[in-house]
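For reference, the structure discussed in these notes is given below.
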Amino acid sequence: MAALRARGALRLGGDLGLSVAGAESNVAIGLARLGHRVRWAGRVGADELGALVLRTLRAEGVDTEYAVTDDTGRPTGLLLTEPRLGTLTRVNYYRTGSAGSALTPADVLPALTPGTRILHLTGITPALGGSAAESVLAAATAARAAGITVCLDVNHRSRLWTSDQAREALRPLLAHIDLLIASEDELPLVQEAAPGGGESETVRSLLAAGVAEVVVKRGARGATVFTADGPTDRAAREVDAVDLVGAGDAFVAGYLSGLLDGADVPARLHRAVTTAAFAVATRGDWEGLPTRDELGLLDRPEGTTIR
């Protein structure tokens, strides 16, 4: 979707910056910058904002061959962000009736071509409407049957749907998910813990249900990966926070990049917290994400000039 970013409170007016956003496109760009072959499947409107989305993805090296341009008059989705207090940002969505809300299985299934290794999905797409939810389930089912690793980032957006609606749509996906990513407060949306069990019981039940890895994002406290071998923790990298929007998607891009490279869990987590730190330290959802040769920049002494 397109993104309009305010520099101050929206009600006061002022300039807006126009860019592109969306969790799936953020992850796609993050992976492409790290040198991976990435394909984005989705639906945009036959309008200038849709052209901007596709142009931006292509410019970042993302394959848009299977992207669909809606010819029925549905517009490209839009969001507005405004900085409200420090790094606290308020987001308003305009996605009802958008082209993305009309996504169908026929739009996404052809993109699962031979050689595809990972299908990345989020809980945002099914929040857009019935056909979009059907498309996510169809893609997960087909990918799992084809031996493709299926990754789901819960990514709950309370302004798009309620927790109960999210539970109803997301829990049927579990049978097809290999890698589940969620923040601490999102875990109950996919699996209820036994009374008094808390996070550990929830994770245990997810692993027992067939999910191979559960990644819990803890914000400034880093992240934990749970597998059958037990938990692995990683602290966040310390940077001066400028903009927290997009940090979770950057984390996912880094983690999936490590997975594609065959790295072990600690190495994947290291790359994930590194890419997340780049997002936090720069403005925009994806604009500051690193290329592969920039991953070591955070290890340089502060004030270093690269000549």
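Please read all numbers here as calculations on a predicted model, not as lab measurements.
Between Pro126 and Trp161, the closest heavy-atom pair is O-CZ3, 3.7 Å. Closest heavy-atom contact between Gly45 and Ala99: N-CB, 3.5 Å. Contact between Leu109 and Ala142 at its shortest, heavy atoms only, is CD2-CB, 3.8 Å. Taking both residues in full, the closest heavy atoms of Ala140 and Leu173 are given as CB-CD2, 4.1 Å, listed atom of the first, atom of the second, then distance. Closest non-hydrogen pair, Ala279 versus Gly246, comes out as CB-O, 4.0 Å. Minimum heavy-atom separation, Ser135 to Pro105: OG-N, 3.0 Å.
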- Message: Could you go through Leu260 and Ile118, starting from their C-alpha distance and side-chain angles, then the distance that decides it, and tell me whether this counts as side chain to side chain contact (heavy atoms under 4.5 Å, CB included)?
- Response: CA-CA 8 Å; Leu260 287 166; Ile118 296 177; 3.6 Å; yes

- Query: Run the side chain to side chain donor-acceptor pair (under 3.5 Å) check on Thr274 and Arg237 step by step: do they pass?
  - Reply: CA-CA 7 Å; Thr274 298; Arg237 304 200 64 162; 3.1 Å; yes

- Item | Derivation of the side chain to side chain contact (heavy atoms under 4.5 Å, CB included) call for Thr232 and Leu269 | CA-CA 9 Å; Thr232 303; Leu269 273 174; 4.0 Å; yes

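A continuous path of Ile, Leu, Val, Met, Phe, Trp and Tyr side chains, each step under 4.5 Å between heavy atoms, connects Val280 with Leu298, placing both in one hydrophobic cluster. Cluster membership check: Phe251 does not share its hydrophobic cluster with Val239, using side-chain heavy-atom separations under 4.5 Å among Ile, Leu, Val, Met, Phe, Trp and Tyr. By the criterion of side-chain heavy atoms lying less than 4.5 angstrom apart, applied directly or through intervening Ile, Leu, Val, Met, Phe, Trp or Tyr residues, Leu170 is grouped together with Leu137 in one hydrophobic cluster. The hydrophobic clustering, which links ILVMFWY residues whose side-chain heavy atoms are closer than 4.5 Å, places Met1 and Val68 apart. No continuous path of hydrophobic side-chain contacts links Leu31 to Tyr66 [ILVMFWY only; heavy atoms under 4.5 Å].
Under the 3.5 Å distance criterion, the side-chain polar atoms of Glu294 are matched with a main-chain donor or acceptor of Thr291. Glu186 places a side-chain N or O within 3.5 Å of a backbone atom of His156 that can act as its donor or acceptor partner.
Exactly one residue among Ile29, Val27, Asp249 makes a side chain to side chain contact (heavy atoms under 4.5 Å, CB included) with Trp286. That residue is Ile29.
Think of Leu295 as one node in a network of Ile, Leu, Val, Met, Phe, Trp and Tyr side chains linked at under 4.5 Å; its network also takes in Leu34.
Within a 6.0 Å sphere centred on CZ of Arg37, heavy atoms belonging to other residues, nucleotides or ligands number 12 at most. At most 12 heavy atoms of other shown residues, nucleotides or ligands fall within 6.0 angstrom of atom CZ in Arg283.
Note: Gln165 CD to Leu189 CG = 11.5 Å, rounded to the nearest 0.5 Å. Separation of atoms CD1 (Ile181) and SG (Cys151) is listed at 3.5 Å; rounding is to 0.5 Å. One distance of note links CG of Leu207 with CG of Leu180; it measures 9.5 Å at 0.5 Å rounding. To the nearest 0.5 Å, the span separating CG on Leu152 from OG1 on Thr122 amounts to 7.5 Å. Here the straight-line distance linking atom CG of Leu179 with atom CG of Leu259 works out to 7.0 Å at 0.5 Å rounding. For the atom pair CG of Asn92 and OG1 of Thr81, the computed distance is 9.5 Å after rounding to the nearest 0.5 Å.
Taking the side chain as every heavy atom from C-beta outward, Asp70 and Val44 never approach each other to under 4.5 Å. Between Leu206 and Leu174 the shortest side-chain heavy-atom distance falls below 4.5 Å. With a 4.5 Å cut-off on side-chain heavy atoms, Val38 and Asp63 do not count as touching. Counting only heavy atoms from C-beta outward, the side chains of Leu119 and Thr149 never approach each other to under 4.5 Å. Side-chain contact between Thr275 and Pro290: present, with at least one pair of heavy atoms (C-beta onward) separated by less than 4.5 Å. Counting heavy atoms from C-beta outward, Leu103 and Leu128 have side chains that stay 4.5 Å or more apart. Put simply, the side chain of Ser257 reaches to within 4.5 Å of the side chain of His36, judged on heavy atoms. Using a 4.5 Å cut-off on side-chain heavy atoms (C-beta onward), Leu80 and Leu10 make contact.
Residues passing the side-chain hydrogen bond (donor to acceptor under 3.5 Å, both in side chains) test with Asp185, sequence neighbours excluded: Ser183. Contacts of Arg5 classified as salt bridge (Lys or Arg N to Asp or Glu O under 4.0 Å), with partners at least two apart in sequence or in another chain: Asp285, Glu287. Residues passing the salt bridge (Lys or Arg N to Asp or Glu O under 4.0 Å) test with Asp15: none are found, sequence neighbours excluded. A search for side-chain hydrogen bond (donor to acceptor under 3.5 Å, both in side chains) contacts involving Asp261 returns Arg271, Arg292, not counting sequence neighbours. Applying the salt bridge (Lys or Arg N to Asp or Glu O under 4.0 Å) rule to Asp178 yields the partners Arg144; only residues at least two apart in sequence or on another chain are considered. Contacts of Arg117 classified as salt bridge (Lys or Arg N to Asp or Glu O under 4.0 Å), with partners at least two apart in sequence or in another chain: none. Legend: residues meeting side-chain hydrogen bond (donor to acceptor under 3.5 Å, both in side chains) with Arg33, ordered by chain and number and at least two apart, are Glu60.
Applying the salt bridge (Lys or Arg N to Asp or Glu O under 4.0 Å) rule to pairs touching residues 96-112 yields Arg43-Asp107, sequence neighbours excluded. Each salt bridge (Lys or Arg N to Asp or Glu O under 4.0 Å) pair with one or both residues in residues 86-100, not counting sequence neighbours, appears once here: Glu82-Arg90.
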Show me the donor-acceptor pairs, under 3.5 Å and distance only, between side chains in residues 46-56 and residues at least two apart or in other chains.
from  : atom 1 : to    : atom 2 : distance (Å)
Asp47 : OD1    : Leu49 : N      : 3.4
Asp47 : OD1    : Gly50 : N      : 2.7
Asp47 : OD1    : Thr76 : OG1    : 2.7
Asp47 : OD2    : Thr76 : N      : 3.0
Asp47 : OD2    : Thr76 : OG1    : 3.4
Thr56 : OG1    : Leu52 : O      : 2.8

Cut-off 3.5 Å, no hydrogens considered: what does the side-chain donor-acceptor table look like for residues 210-222, sequence neighbours left out?
from   : atom 1 : to     : atom 2 : distance (Å)
Glu213 : OE1    : Tyr255 : OH     : 2.5
Glu213 : OE1    : Arg268 : NH1    : 3.0
Glu213 : OE2    : Arg268 : NH1    : 2.8
Lys217 : NZ     : Asp153 : OD1    : 3.4
Lys217 : NZ     : Asp153 : OD2    : 3.4
Arg218 : NE     : Thr224 : OG1    : 3.0
Arg218 : NH1    : Glu184 : OE2    : 2.7
Arg218 : NH1    : Glu199 : OE1    : 3.1
Arg218 : NH2    : Glu199 : OE2    : 2.7
Arg218 : NH2    : Thr224 : OG1    : 3.2
Arg221 : NH2    : Glu184 : OE1    : 2.6
Arg221 : NH2    : Glu184 : OE2    : 2.9

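The closest side-chain donor-acceptor pair between Glu134 and Ser131, if any, does not fall under 3.5 angstrom. Side-chain contact annotation: Asp164 with Thr162, donor-acceptor N/O pair under 3.5 Å absent.
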